[in-house]
Amino acid sequence: MRKVFFIIGLVIVALWFSFYTENLTERKRREEMKELKPEQLVSRLMTDSLAALEGKAISLEELVKHAGEADFAQRHGRLLGIGSPTFYVVKGECDQAQVVNDEIHASVNGIALTIPLKYIFGNTARDASGWFDIDDFQNTMDFNAVSAAMNDYILKNMTPPHSDRRLKVLGAVAVKDGQVEQSVTIIPYQLLQ
(Lines give C-alpha, C1' and ligand atoms only; values in the text may rest on other atoms or scores of the structure.)
Protein backbone atom coordinates (compact mmCIF):
# COMPACT_ATOMS: atom_id res chain seq x y z
CA MET A 1 0.00 0.00 0.00
CA ARG A 2 2.86 2.39 0.78
CA LYS A 3 4.35 1.73 -2.63
CA VAL A 4 1.09 2.76 -4.29
CA PHE A 5 0.92 6.04 -2.34
CA PHE A 6 4.60 6.65 -3.04
CA ILE A 7 4.15 6.08 -6.79
CA ILE A 8 1.02 8.26 -6.88
CA GLY A 9 2.96 10.97 -5.00
CA LEU A 10 5.83 10.78 -7.47
CA VAL A 11 3.44 11.04 -10.42
CA ILE A 12 1.73 14.09 -8.89
CA VAL A 13 5.07 15.78 -8.18
CA ALA A 14 6.34 14.98 -11.68
CA LEU A 15 3.18 16.40 -13.25
CA TRP A 16 3.25 19.45 -10.98
CA PHE A 17 6.78 20.38 -12.03
CA SER A 18 6.17 19.55 -15.71
CA PHE A 19 4.02 22.62 -16.28
CA TYR A 20 4.37 26.28 -15.55
CA THR A 21 2.21 29.28 -16.19
CA GLU A 22 3.09 32.81 -17.06
CA ASN A 23 1.19 35.94 -17.88
CA LEU A 24 0.40 35.86 -21.61
CA THR A 25 0.64 39.64 -21.96
CA GLU A 26 4.07 39.66 -20.33
CA ARG A 27 5.25 36.81 -22.56
CA LYS A 28 4.05 38.57 -25.72
CA ARG A 29 5.77 41.78 -24.62
CA ARG A 30 9.02 39.92 -23.91
CA GLU A 31 8.90 38.14 -27.29
CA GLU A 32 8.13 41.42 -29.07
CA MET A 33 11.06 43.12 -27.32
CA LYS A 34 13.43 40.39 -28.55
CA GLU A 35 12.58 41.34 -32.13
CA LEU A 36 13.51 45.00 -31.72
CA LYS A 37 16.90 46.45 -32.53
CA PRO A 38 18.74 47.94 -29.52
CA GLU A 39 17.88 51.51 -30.57
CA GLN A 40 14.18 50.67 -30.91
CA LEU A 41 14.17 48.78 -27.62
CA VAL A 42 15.76 51.65 -25.72
CA SER A 43 13.51 54.24 -27.35
CA ARG A 44 10.39 52.29 -26.40
CA LEU A 45 11.49 51.75 -22.81
CA MET A 46 12.58 55.36 -22.33
CA THR A 47 9.20 56.49 -23.64
CA ASP A 48 6.97 53.95 -21.89
CA SER A 49 8.78 53.12 -18.64
CA LEU A 50 10.50 56.30 -17.49
CA ALA A 51 7.64 57.23 -15.14
CA ALA A 52 7.84 53.81 -13.46
CA LEU A 53 11.59 54.23 -13.14
CA GLU A 54 11.07 57.60 -11.45
CA GLY A 55 8.67 55.93 -9.02
CA LYS A 56 11.46 53.55 -7.94
CA ALA A 57 14.09 56.27 -7.67
CA ILE A 58 15.55 57.22 -4.32
CA SER A 59 16.64 60.68 -3.34
CA LEU A 60 20.30 61.60 -3.34
CA GLU A 61 20.00 62.33 0.37
CA GLU A 62 18.78 58.77 1.03
CA LEU A 63 21.64 57.35 -1.00
CA VAL A 64 24.25 59.29 0.93
CA LYS A 65 22.71 58.41 4.28
CA HIS A 66 22.16 54.68 3.69
CA ALA A 67 24.49 53.53 0.89
CA GLY A 68 26.66 51.43 3.21
CA GLU A 69 23.73 49.45 4.61
CA ALA A 70 23.29 45.97 3.13
CA ASP A 71 19.49 45.91 3.42
CA PHE A 72 19.22 49.34 1.75
CA ALA A 73 21.38 48.14 -1.15
CA GLN A 74 19.29 44.99 -1.44
CA ARG A 75 16.00 46.93 -1.49
CA HIS A 76 16.98 49.81 -3.78
CA GLY A 77 20.14 48.86 -5.65
CA ARG A 78 21.08 46.42 -8.36
CA LEU A 79 24.21 44.31 -8.03
CA LEU A 80 25.31 42.41 -11.11
CA GLY A 81 27.95 40.15 -9.62
CA ILE A 82 30.86 39.80 -7.28
CA GLY A 83 33.00 42.93 -7.33
CA SER A 84 30.38 44.91 -9.23
CA PRO A 85 29.36 48.32 -7.94
CA THR A 86 25.79 48.71 -6.74
CA PHE A 87 23.66 50.64 -9.20
CA TYR A 88 20.91 53.01 -8.04
CA VAL A 89 18.27 55.11 -9.74
CA VAL A 90 18.30 58.50 -8.04
CA LYS A 91 16.41 61.75 -8.26
CA GLY A 92 17.09 65.15 -6.85
CA GLU A 93 16.86 68.89 -7.24
CA CYS A 94 19.74 71.30 -7.21
CA ASP A 95 20.11 75.05 -7.49
CA GLN A 96 22.67 76.95 -9.51
CA ALA A 97 23.59 74.20 -11.93
CA GLN A 98 26.43 75.35 -14.15
CA VAL A 99 27.63 73.94 -17.45
CA VAL A 100 31.42 73.67 -17.50
CA ASN A 101 33.44 71.70 -20.08
CA ASP A 102 30.45 69.70 -21.37
CA GLU A 103 29.36 68.73 -17.86
CA ILE A 104 26.79 70.05 -15.44
CA HIS A 105 28.25 70.87 -12.05
CA ALA A 106 25.90 71.32 -9.12
CA SER A 107 25.53 70.26 -5.52
CA VAL A 108 22.88 68.77 -3.28
CA ASN A 109 23.36 68.96 0.48
CA GLY A 110 27.13 69.34 0.18
CA ILE A 111 27.56 66.57 -2.38
CA ALA A 112 29.13 67.73 -5.63
CA LEU A 113 27.30 66.39 -8.69
CA THR A 114 28.75 65.92 -12.13
CA ILE A 115 26.37 65.16 -14.99
CA PRO A 116 28.04 64.50 -18.34
CA LEU A 117 26.50 66.18 -21.38
CA LYS A 118 28.79 65.12 -24.21
CA TYR A 119 30.44 61.81 -23.34
CA ILE A 120 28.53 59.00 -21.67
CA PHE A 121 30.24 55.64 -21.49
CA GLY A 122 29.72 52.46 -19.56
CA ASN A 123 26.76 50.46 -18.41
CA THR A 124 25.54 52.51 -15.45
CA ALA A 125 22.28 53.69 -17.04
CA ARG A 126 21.44 50.22 -18.37
CA ASP A 127 22.28 48.36 -15.19
CA ALA A 128 20.57 50.75 -12.78
CA SER A 129 17.32 50.74 -14.74
CA GLY A 130 16.72 47.02 -14.23
CA TRP A 131 15.04 46.87 -17.63
CA PHE A 132 17.47 44.39 -19.11
CA ASP A 133 18.49 40.89 -18.07
CA ILE A 134 21.59 39.42 -19.65
CA ASP A 135 19.79 36.09 -20.00
CA ASP A 136 17.38 37.71 -22.47
CA PHE A 137 20.22 38.28 -24.94
CA GLN A 138 21.98 35.78 -27.17
CA ASN A 139 25.43 37.06 -26.25
CA THR A 140 27.23 39.81 -24.37
CA MET A 141 27.75 41.82 -27.57
CA ASP A 142 23.96 42.22 -27.90
CA PHE A 143 23.69 43.09 -24.20
CA ASN A 144 26.41 45.74 -24.57
CA ALA A 145 24.79 47.07 -27.75
CA VAL A 146 21.77 47.98 -25.64
CA SER A 147 24.04 49.90 -23.28
CA ALA A 148 25.59 51.84 -26.16
CA ALA A 149 22.13 52.57 -27.61
CA MET A 150 20.90 53.79 -24.24
CA ASN A 151 23.88 56.12 -23.77
CA ASP A 152 23.38 57.46 -27.29
CA TYR A 153 19.64 57.98 -26.69
CA ILE A 154 20.37 59.92 -23.50
CA LEU A 155 22.87 62.18 -25.26
CA LYS A 156 20.55 62.89 -28.19
CA ASN A 157 17.47 63.60 -26.06
CA MET A 158 18.97 65.56 -23.20
CA THR A 159 18.54 69.32 -23.14
CA PRO A 160 21.37 71.09 -21.32
CA PRO A 161 20.10 73.50 -18.70
CA HIS A 162 20.52 77.23 -18.69
CA SER A 163 23.11 78.25 -16.15
CA ASP A 164 22.11 79.19 -12.63
CA ARG A 165 18.69 77.57 -12.85
CA ARG A 166 17.01 75.03 -10.60
CA LEU A 167 17.50 71.57 -12.06
CA LYS A 168 15.66 68.30 -11.46
CA VAL A 169 17.54 65.18 -12.39
CA LEU A 170 16.54 61.53 -12.69
CA GLY A 171 19.57 59.39 -13.27
CA ALA A 172 21.78 56.43 -12.49
CA VAL A 173 24.65 56.20 -10.03
CA ALA A 174 27.23 53.47 -9.45
CA VAL A 175 28.40 53.10 -5.84
CA LYS A 176 31.53 51.06 -5.16
CA ASP A 177 32.02 49.32 -1.82
CA GLY A 178 28.97 51.03 -0.30
CA GLN A 179 30.80 54.36 -0.15
CA VAL A 180 29.34 57.53 -1.61
CA GLU A 181 32.14 59.97 -2.30
CA GLN A 182 31.84 63.73 -1.87
CA SER A 183 31.58 63.93 -5.66
CA VAL A 184 29.02 61.81 -7.52
CA THR A 185 28.67 61.29 -11.26
CA ILE A 186 25.06 60.88 -12.37
CA ILE A 187 24.20 59.46 -15.77
CA PRO A 188 20.93 61.29 -16.51
CA TYR A 189 17.77 59.66 -17.80
CA GLN A 190 15.99 63.00 -17.62
CA LEU A 191 16.84 66.63 -16.86
CA LEU A 192 14.09 69.14 -16.12
CA GLN A 193 14.13 72.82 -15.25
Side-chain angles (χ1 to χ4, degrees), residues 23 25-64 66-67 72-80 84-95 97 99 102-104 106 108 111 113-137 142-162 165-175 180 184-193:
N23 183 313
T25 305
E26 181 62 30
R27 180 181 172 92
K28 284 182 180 179
R29 186 188 77 70
R30 190 173 59 246
E31 293 299 322
E32 181 181 285
M33 295 299 240
K34 284 182 180 179
E35 300 299 319
L36 297 176
K37 293 179 181 175
E39 295 80 11
Q40 295 168 316
L41 179 62
V42 167
S43 179
R44 180 173 290 177
L45 285 168
M46 290 293 279
T47 303
D48 297 344
S49 302
L50 202 56
L53 194 61
E54 186 173 6
K56 293 187 327 183
I58 59 172
S59 70
L60 288 165
E61 292 84 1
E62 285 180 286
L63 179 64
V64 170
H66 301 290
F72 181 80
Q74 189 175 12
R75 281 183 288 136
H76 299 289
R78 293 187 41 81
L79 185 66
L80 296 181
S84 164
T86 305
F87 299 97
Y88 295 93
V89 177
V90 296
K91 60 184 172 183
E93 292 185 28
C94 46
D95 289 323
V99 178
D102 298 319
E103 295 177 333
I104 298 171
V108 172
I111 302 163
L113 303 180
T114 302
I115 303 170
L117 294 174
K118 189 171 182 180
Y119 302 108
I120 296 178
F121 301 105
N123 304 320
T124 303
R126 178 198 69 196
D127 295 341
S129 72
W131 291 336
F132 308 101
D133 184 354
I134 193 167
D135 294 332
D136 293 339
F137 295 88
D142 292 345
F143 190 51
N144 289 331
V146 167
S147 189
M150 190 168 208
N151 293 342
D152 189 51
Y153 181 92
I154 290 168
L155 286 172
K156 286 180 180 175
N157 293 286
M158 186 174 34
T159 305
H162 303 290
R165 298 279 300 269
R166 185 168 195 81
L167 178 69
K168 289 183 180 181
V169 61
L170 173 67
V173 174
V175 175
V180 176
V184 175
T185 298
I186 297 177
I187 305 301
Y189 296 116
Q190 186 176 53
L191 295 174
L192 299 171
Q193 289 189 327

**Item:** salt bridge (charged side-chain N to carboxylate O under 4.0 Å, His left out) partners of Asp152, counting only residues at least two apart
**Value:** Lys156

Suppose we screen for side chain to side chain donor-acceptor pair (under 3.5 Å). Which residues come up paired with [X], at least two apart in sequence or across chains?
X      : answer
Arg78  : none
Ser147 : Asn123
Glu93  : Arg166
Asp142 : none

Any idea which heavy atoms bring [X] and [Y] closest together, and the distance?
X      : Y      : result
Pro188 : Ile115 : CG-CG2, 3.6 Å
Ala172 : Ala128 : CB-CB, 3.6 Å
Leu79  : Pro85  : CD1-O, 3.6 Å

**Item:** Residue among Leu113, Leu63, Val175 satisfying side chain to side chain contact (heavy atoms under 4.5 Å, CB included) with Val90
**Value:** Leu63

**Item:** Under the ring-ring contact (aromatic ring centres under 6.0 Å, His included) test, residues paired with Phe87 that sit two or more places apart
**Value:** none

**Asked** Sequence neighbours excluded, which residues qualify as ring-ring contact (aromatic ring centres under 6.0 Å, His included) partners of Phe132?
**Response** none

Between [atom1] on residue [X] and [atom2] on residue [Y], distance to nearest 0.5 Å:
X      : Y      : atom1 : atom2 : value
Tyr189 : Leu50  : OH    : CG    : 9.0 Å
Leu80  : Asp133 : CG    : CG    : 9.5 Å
Asn151 : Thr124 : CG    : OG1   : 8.0 Å
Met46  : Trp131 : CE    : CH2   : 5.5 Å
Leu191 : Ile104 : CG    : CD1   : 5.0 Å
Phe143 : Asp127 : CZ    : CG    : 5.5 Å

Identify every side-chain donor-acceptor pair in residues 52-61 under 3.5 Å, counting partners at least two apart or on other chains, and give the distances.
| from | atom 1 | to | atom 2 | distance (Å) |
| --- | --- | --- | --- | --- |
| Lys56 | NZ | Ser129 | O | 3.4 |
| Ser59 | OG | Glu62 | N | 3.1 |
| Ser59 | OG | Glu62 | OE1 | 3.4 |
| Glu61 | OE2 | Asn109 | ND2 | 3.0 |

**Asked** Would you say the side chain of Pro116 lies within less than 4.5 Å of the side chain of Asp102, judging by non-hydrogen atoms?
**Response** no

Under the side-chain contact (heavy atoms from CB on, under 4.5 Å) test, which residues partner [X], sequence neighbours left out?
X      : answer
Ala73  : Thr86, Tyr88
Gln74  : none
Thr114 : Glu103, His105, Ser183, Thr185
Val64  : Ile111, Val180

**Message:** Using the rule given for side chain to side chain donor-acceptor pair (under 3.5 Å), can you reason through Arg126 versus Asn144, listing the C-alpha separation, both sets of side-chain angles and the distance that settles it, and then say yes or no?
**Reply:** CA-CA 9 Å; Arg126 178 198 69 196; Asn144 289 331; 3.2 Å; yes

**Asked** Where does the angle between the aromatic ring planes of His76 and Phe72 fall among parallel (under 30°), tilted (30 to 60°) and perpendicular (over 60°)?
**Response** tilted

**Message:** I'd like to know if the side chain of Ser43 reaches the main chain of Glu39, judged simply by a donor and an acceptor atom lying under 3.5 Å from each other, with no hydrogens or angles considered.
**Reply:**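 Between the backbone of Glu39 and the side chain of Ser43 there is no qualifying donor-acceptor contact (under 3.5 Å).
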
